[in-house]
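Some notes on the structure that comes next.
What you see is a predicted model; the values in this text were computed from it and never measured.
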Amino acid sequence: MTIVGVPAGWPATEEEARAVQDELRGRVVLHEPGPPPGTGRVTGVDVAYDDELDLVAAAAVVLDAATLDVVAEATAVGRVSFPYVPGLLAFRELPAVLAALDRLPVPPGLVVCDGYGLAHPRRFGLASHLGVLTDLPVIGVAKNPFTFTHDDPGPARGADAPLMAGAEEVGRALRTRDGVKPVFVSVGHRVGLPGAVAHTLALTPRFRLPETTRRADALCRRALREAARRLAGTGGQDATTRQAPTSWYAES
DNA sequence: GCGACAG
DNA sequence: ATCTTGTCGC
């Protein structure tokens with residue numbers, strides 16, 4: 001088993017991490033229409049943790065956007081690279097996510113993150129950060145409103161309400177199932193807010209959360225279980241480590 | 001200053 | 001995120 005290392009130059013302190021966000025923020029593309037929903041491929045990414053073993057497992061699951069059938073999937077297991085700090089989630093999740101994306105046998109198309117993009121204290125959440133590093137179209141779909149506020153959307157699937165940071169709209173609270181708690185959609189990179197909402201609805205024909213997120217969540221949990229089991233079985237003695245790649249999708 | 005806070 | 005049994009419903 002390979003355990004992915006932390007990329008060279010990855011921030012080690014909160015101070016450095018915030019500086020990275022301030023520097024990369026300007027590269028986000030906010031207003032492209034993005035790919036039409038229901039066409040091409042859509043990839044979900046998610047991460048699971050075992051703090052005891054200091055393990056993080058990421059999964060990337062590629063779906064056919066029209067049928068939502070699984071086309072390809074990949075996982076990566078690594079060491080935890082950053083503590084959980086609200087506003088700095090990307091530094092904890094991205095190394096493993098990038099390694100999983102790097103292992104996919106096909107281009108991912110649109111990427112759906114479990115978390116926020118523009119809706120972020122410095123307007124540079126996980127989904128935007130992933131987009132800037134890969135230049136892929138990315139959206140964020142979160143399960144909680146974080147620090148943001150919103151009016152209650154109507155009760156029907158498809159109803160939405162602006163997600164507000166003070167007087168600024170940073171996303172939408174979107175009802176994906178009748179009478180069920182909304183999800184929280186925000187722009188990541190190269191897909192505008194209307195497109196992000198449309199993609200989220202296309203990915204939720206049956207459940208509250210996007211199929212992409214559900215598939216990636218199940219897969220990263222399984223990858224974490226298997227990694228933990230293998231480490232226990234070998235006393236952790238045969239684990240190899242390597243440097244994570246540093247130029248993922250630099251050319252696409 | 002204190003609490004809250006995506007995952 | 002994760003800790004955790006049964007239970008109600010399609």
Which nucleotides of DNA chain B pair, in dot-bracket form (Watson-Crick or G-U under 3.5 Å, | meaning another strand): .......

For residues A:Tyr84 and A:Tyr49, establish whether the separation of their ring centroids is below 6.0 Å. no

Using side-chain hydrogen bond (donor to acceptor under 3.5 Å, both in side chains) as the criterion, list what pairs up with A:Arg177, not counting sequence neighbours. none

Is A:Ala119 touching bases, backbone alone, or none of the nucleic acid, heavy atoms closer than 4.0 Å? nothing

Using a 6.0 Å cut-off, check whether atom CZ of A:Arg123 has over 12 heavy atoms from anything other than its own residue. yes

Flag the pair A:Asp152 and A:Arg175 as a salt bridge only when some basic side-chain nitrogen lies within less than 4.0 angstrom of an acidic carboxylate oxygen. yes

Identify whether NZ of Lys or CZ of Arg in A:Arg18 sits under 6.0 Å from the centre of the six-membered ring of A:Phe91 and within 45° of that ring's axis. no

For A:Tyr116, report the nucleic acid contact type (base, sugar-phosphate, nothing); a contact means any heavy atom under 4.0 Å. base

So which of A:Val42, A:Leu104, A:Val62 actually passes side-chain contact (heavy atoms from CB on, under 4.5 Å) with A:Val71? A:Val62

Assign A:Gly87 to base, sugar-phosphate, or nothing according to its heavy-atom contacts below 4.0 angstrom with the strands shown. base

Measure CG/A:Asp217 against C1'/C:dA1 and give the value in whole Å, please. 10 Å

So what does A:Asp46 hit on the nucleic acid, given a heavy-atom distance under 4.0 Å: a base, only sugar-phosphate, or nothing? sugar-phosphate

For A:Lys143 and B:dA6, is the shortest distance between a side-chain N/O and OP1 or OP2 below 4.0 Å? no

Value in whole Å for how far the C1' atom of B:dG7 lies from CZ of A:Phe148: 14 Å

Determine the contact category for A:Leu94: base if any of its heavy atoms lies under 4.0 Å from a base atom, sugar-phosphate if only primed atoms, P, OP1 or OP2 are that close, otherwise nothing. nothing

Below 4.0 Å: OP1/OP2 of B:dG7 and any side-chain N or O of A:Asn144: yes

Looking at the side chain of A:Phe146, which of C:dT2, B:dA6, B:dG7 is the nearest nucleotide? B:dA6

Closest to side chain of A:Pro86, choosing from B:dG7, B:dC5, C:dT2: B:dC5

Members of residues 149-170 of chain A that approach DNA chain B, where some heavy atom sits under 4.0 Å away: none

Using whole Å, report how far CZ of A:Arg92 lies from P of B:dA6. 13 Å

When you compare the side chains of A:Asp135 and A:His189, does any donor N or O come within less than 3.5 Å of an acceptor on the partner? yes

Nearest-Å distance, CG (A:Leu55) to P (C:dT2)? 12 Å

What's the CG-P distance between A:Asp51 and C:dT2, to the nearest Å? 9 Å

Mind calculating the distance between CG (A:Leu53) and C1' (C:dT2) to the nearest angstrom? 13 Å

Using a heavy-atom cut-off of under 4.0 Å over every strand shown, decide if A:Arg206 touches base, sugar-phosphate, or nothing. nothing

Distance under 6.0 Å and angle within 45° of the ring axis: does A:Arg172 meet both against A:Phe184? no

With the 4.5 Å side-chain cut-off for hydrophobic clustering, are A:Leu130 and A:Leu110 part of the same group? yes

Contacts to DNA chain B from residues 120-130 of chain A, heavy-atom cutoff under 4.0 Å, which residues? A:His120, A:Gly125, A:Leu126

Reading DNA chain C 5' to 3', how would its secondary structure be written in dot-bracket notation, given Watson-Crick and G-U pairs with both distances under 3.5 Å, brackets [ ] for crossing pairs and | for partners on other strands? ..........

Ranking B:dC5, C:dT2, B:dG7 by distance to the side chain of A:Ala142, first place goes to B:dG7

What does the B/S/- profile of nucleotides 4-10 of chain C look like, 5' to 3', with a 4.0 Å heavy-atom cutoff to protein? -------

Distance-only polar pair, side chains of A:Arg157 and A:Thr204, donor-acceptor under 3.5 Å: yes

Which one, C:dA1, B:dC5, B:dA6, comes nearest to the side chain of A:Thr147? B:dC5

Kindly say if A:Tyr84 contacts the phosphate of B:dA6, meaning a side-chain N or O under 4.0 Å from OP1 or OP2. yes

C:dA1 P sits how many Å from A:Asp114 CG, rounded? 7 Å

Without decimals, in angstroms, what is the distance between A:Leu89 CG and B:dA6 C1'? 6 Å

